[in-house]
There are 2 protein chains.
Amino acid sequence: MLLSKSCVYGLRASLYLAAREQGEFIPIRNMSDKLEISFHFLTKILQQLTAEGILESFKGPNGGVRLTREGSEIQLIDIVLAIDGPQLLTECALGLPGCGVKNPCPLHDKWAETRDAIHEMLEKTTLTELVRKGKAENLRLTTDGGFDILFEN
Amino acid sequence: MLLSKSCVYGLRASLYLAAREQGEFIPIRNMSDKLEISFHFLTKILQQLTAEGILESFKGPNGGVRLTREGSEIQLIDIVLAIDGPQLLTECALGLPGCGVKNPCPLHDKWAETRDAIHEMLEKTTLTELVRKGKAENLRLTTDGGFDILFEN
DNA sequence: CCTATTTTGGATAAAAGAGTCTCAATAATG
DNA sequence: CATTATTGAGACTCTTTTATCCAAAATAGG
């Protein structure tokens, strides 16, 4: 699995938040229902994103979480690094510690290129960009149903 | 982790085999010592590669494993798919089942491109190519020490 | 035929990832 | 002040991955 499940859930939730009114605190239960993710598990993941400063939270009635920045200023890489950690995009393909330009493995160069391609994609893609695309084409963020139904009622 | 540890070990072992005389059966213990991988664990991994037809094995004294094809005809992708399975390079970045051109998630297109880049790299790279590079530049296949010391005595 | 060497396969154990549950802390509202 | 809604934090369970161990099968060589 390229991305951990936590990371995948974190991305889905972040997209959901970016698609909602900015500034509004969204209860996690609300998100877990819509996105069909276990409430408690999602809570854990969002706590990480809060700790990393990507989200901010508010307790009590009318509480919830929201993005600290605009969706257009949050790249996918921010979420991936916050959850899966930077090793994901720096590790050696052969698992050798300290593999780098100075002391590489035979696969280092090619692998570094590949990792860079992943990094670049994640770095260039913003939440807002995906939300726009999702809305325009009614793409899904969940197993069944399109983008729209996430925001009904 | 992009590749599982099993997969990483499988790659290292395959490179080791490709670097040795073709046709010769190499005992797994020999490899596990040189590559500093747990013997029993490596055994399990190589059994998978044998089952997938990438290796063949021979029991008893002077037994061991060897590549079924020449190293120049084995691509990294063969090993990765045999161990981590094809899902690795087909799964949706948001974890949605059945995500594809017909019913995509907002990230599908970009993710597919990224996966293709990984796939292409793994597909274009052969064991022999890496072995040649490793030998030429004395690169390492293990934590310490270069390529050469793997094949002393 | 016996012994040593080696893979095979299954059982088991330990560690990490995924998921659940409970209780405390915070805050709004009547 | 009591009630209710919500996040925070920790303990706990389940599953998968990683790792270890052992007995069985195959085979070479004396």
Side-chain angles (χ1 to χ4, degrees), chain A residues 1-13 17 20 24-68 80 82-85 87-88 91 94-95, chain B residues 1-13 17 20 24-68 80 82-85 87-88 91 94-95:
Chain A
M1 211 174 338
L2 296 183
L3 301 178
S4 71
K5 255 178 154 188
S6 296
C7 189
V8 162
Y9 291 159
L11 287 170
R12 298 238 306 271
L17 287 172
R20 306 256 335 217
E24 185 189 7
F25 282 104
I26 313 286
I28 300 177
R29 174 125 264 147
N30 185 322
M31 272 191 276
S32 66
D33 286 351
K34 296 281 191 178
L35 297 174
E36 300 166 317
I37 299 172
S38 143
F39 166 70
H40 291 290
F41 193 34
L42 184 57
T43 293
K44 280 250 171 86
I45 296 162
L46 298 188
Q47 275 171 20
Q48 287 184 67
L49 292 180
T50 303
E52 295 284 335
I54 293 170
L55 303 184
E56 55 193 347
S57 64
F58 190 79
K59 286 179 189 169
N62 310 321
V65 297
R66 68 180 177 198
L67 301 173
T68 49
V80 171
I83 297 176
D84 277 348
Q87 324 79 295
L88 185 72
E91 274 174 341
L94 301 184
Chain B
M1 209 175 337
L2 295 184
L3 301 178
S4 72
K5 246 173 158 194
S6 296
C7 189
V8 162
Y9 291 159
L11 286 170
R12 297 237 307 271
L17 287 172
R20 305 252 340 214
E24 185 188 8
F25 282 104
I26 313 285
I28 301 177
R29 174 127 265 147
N30 185 322
M31 274 191 273
S32 67
D33 286 351
K34 296 282 191 177
L35 297 174
E36 299 167 320
I37 298 172
S38 143
F39 166 70
H40 292 289
F41 192 37
L42 183 58
T43 291
K44 285 270 145 70
I45 296 162
L46 298 188
Q47 274 172 20
Q48 286 184 69
L49 292 180
T50 303
E52 295 285 334
I54 292 170
L55 303 184
E56 53 192 347
S57 65
F58 190 80
K59 287 178 189 170
N62 309 321
V65 297
R66 69 180 176 196
L67 301 173
T68 50
V80 170
I83 298 177
D84 277 348
Q87 326 78 294
L88 186 73
E91 273 173 343
L94 300 184

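For the numbers below, each heavy atom of this structure counts, side chains included, while hydrogens, waters and symmetry mates do not. Numbers restart at 1 for each chain; the letters A, B, ... are given by sequence-line order, proteins then strands.
The separation between B:R29 atom CZ and D:dC21 atom P is 10 Å, rounded to whole Å. Rounding to whole angstrom units, CG of residue A:L49 and P of D:dT7 are separated by 14 Å. Atom C1' of nucleotide D:dA23 and atom NE2 of B:H40 are separated by 12 Å, given to the nearest angstrom. Atom CE in B:M1 sits roughly 17 Å away from atom P in D:dT16 (whole-Å rounding). D:dT18 atom P lies 10 Å from atom CD1 of B:I83, rounded to whole Å. Nucleotide D:dT7 holds its C1' atom 15 Å from the CD1 atom of A:I26, rounded to whole Å. The interatomic distance linking B:F41 (CZ) with D:dT16 (P) rounds to 16 Å, in whole Å. A straight line from CD1 of A:I28 to C1' of D:dA9 spans 13 Å, rounded to a whole angstrom.
Heavy atoms of B:T43 sit under 4.0 angstrom from at least one base atom. Contacts of A:L46 with the nucleic acid, taken as non-hydrogen atoms under 4.0 Å apart, are absent. Note on B:F25: nothing from the nucleic acid sits closer than 4.0 angstrom, heavy atoms only.
Sequence order on DNA chain D of the closest nucleotides to A:K44 and A:N62 puts A:N62 first from the 5' end. Positionally, the nearest nucleotide of DNA chain C for B:G60 lies more toward the 5' end than for the other of A:F39 and B:G60.
Residues A:E91 and B:V8 fail the side-chain proximity criterion, which asks for heavy atoms closer than 4.5 Å. In this structure, the side chains of B:L2 and B:L88 stay at 4.5 Å or more apart for every pair of heavy atoms. The closest side-chain heavy-atom distance from B:E24 to B:R66 is not below 4.5 Å. You'll find the side chain of A:F25 stays beyond 4.5 Å of the side chain of A:N62, heavy atoms only.
Contact footprint of chain B on DNA chain C: nucleotides with an atom under 4.0 Å from a non-hydrogen protein atom, first to last in 5' to 3' order, C:dA4 to C:dA11.
Minimum atom distance to the side chain of A:K59 is reached by D:dG8, of the listed D:dT20, D:dA26, D:dG8. Across D:dG8, D:dA19, D:dT6, the shortest atom-to-atom separation from the side chain of A:P27 is found for D:dT6. Comparing D:dT27, D:dG8, D:dT18 by their nearest atom to the side chain of A:Q47 picks out D:dG8. Which of D:dG8, D:dT20, D:dA19 sits closest to the side chain of B:K5 comes down to D:dA19.
Between B:A13 and B:L46, the closest heavy-atom pair is CB-CD2, 3.9 Å. Shortest non-hydrogen contact noted between A:A82 and A:Q48 is O-OE1, 3.9 Å. For A:G10 against A:I45, the heavy-atom pair with the smallest separation is CA-CG2, 4.0 Å.
When the options B:L55, B:T68, B:L67 are evaluated for a side chain to side chain contact (heavy atoms under 4.5 Å, CB included) with B:L49, the one that passes is B:L55.
Between B:S4 and the phosphate of D:dT17, there is no side-chain N or O to OP1/OP2 separation shorter than 4.0 Å. Side-chain N/O atoms of A:T50 include none lying less than 4.0 angstrom from OP1 or OP2 on D:dT7. Side-chain nitrogen and oxygen atoms of B:Y9 include none within less than 4.0 Å of the OP1 or OP2 phosphate oxygen of D:dT18. In this structure, B:S6 reaches the D:dT18 phosphate: one of its side-chain N or O atoms is under 4.0 Å from OP1 or OP2.
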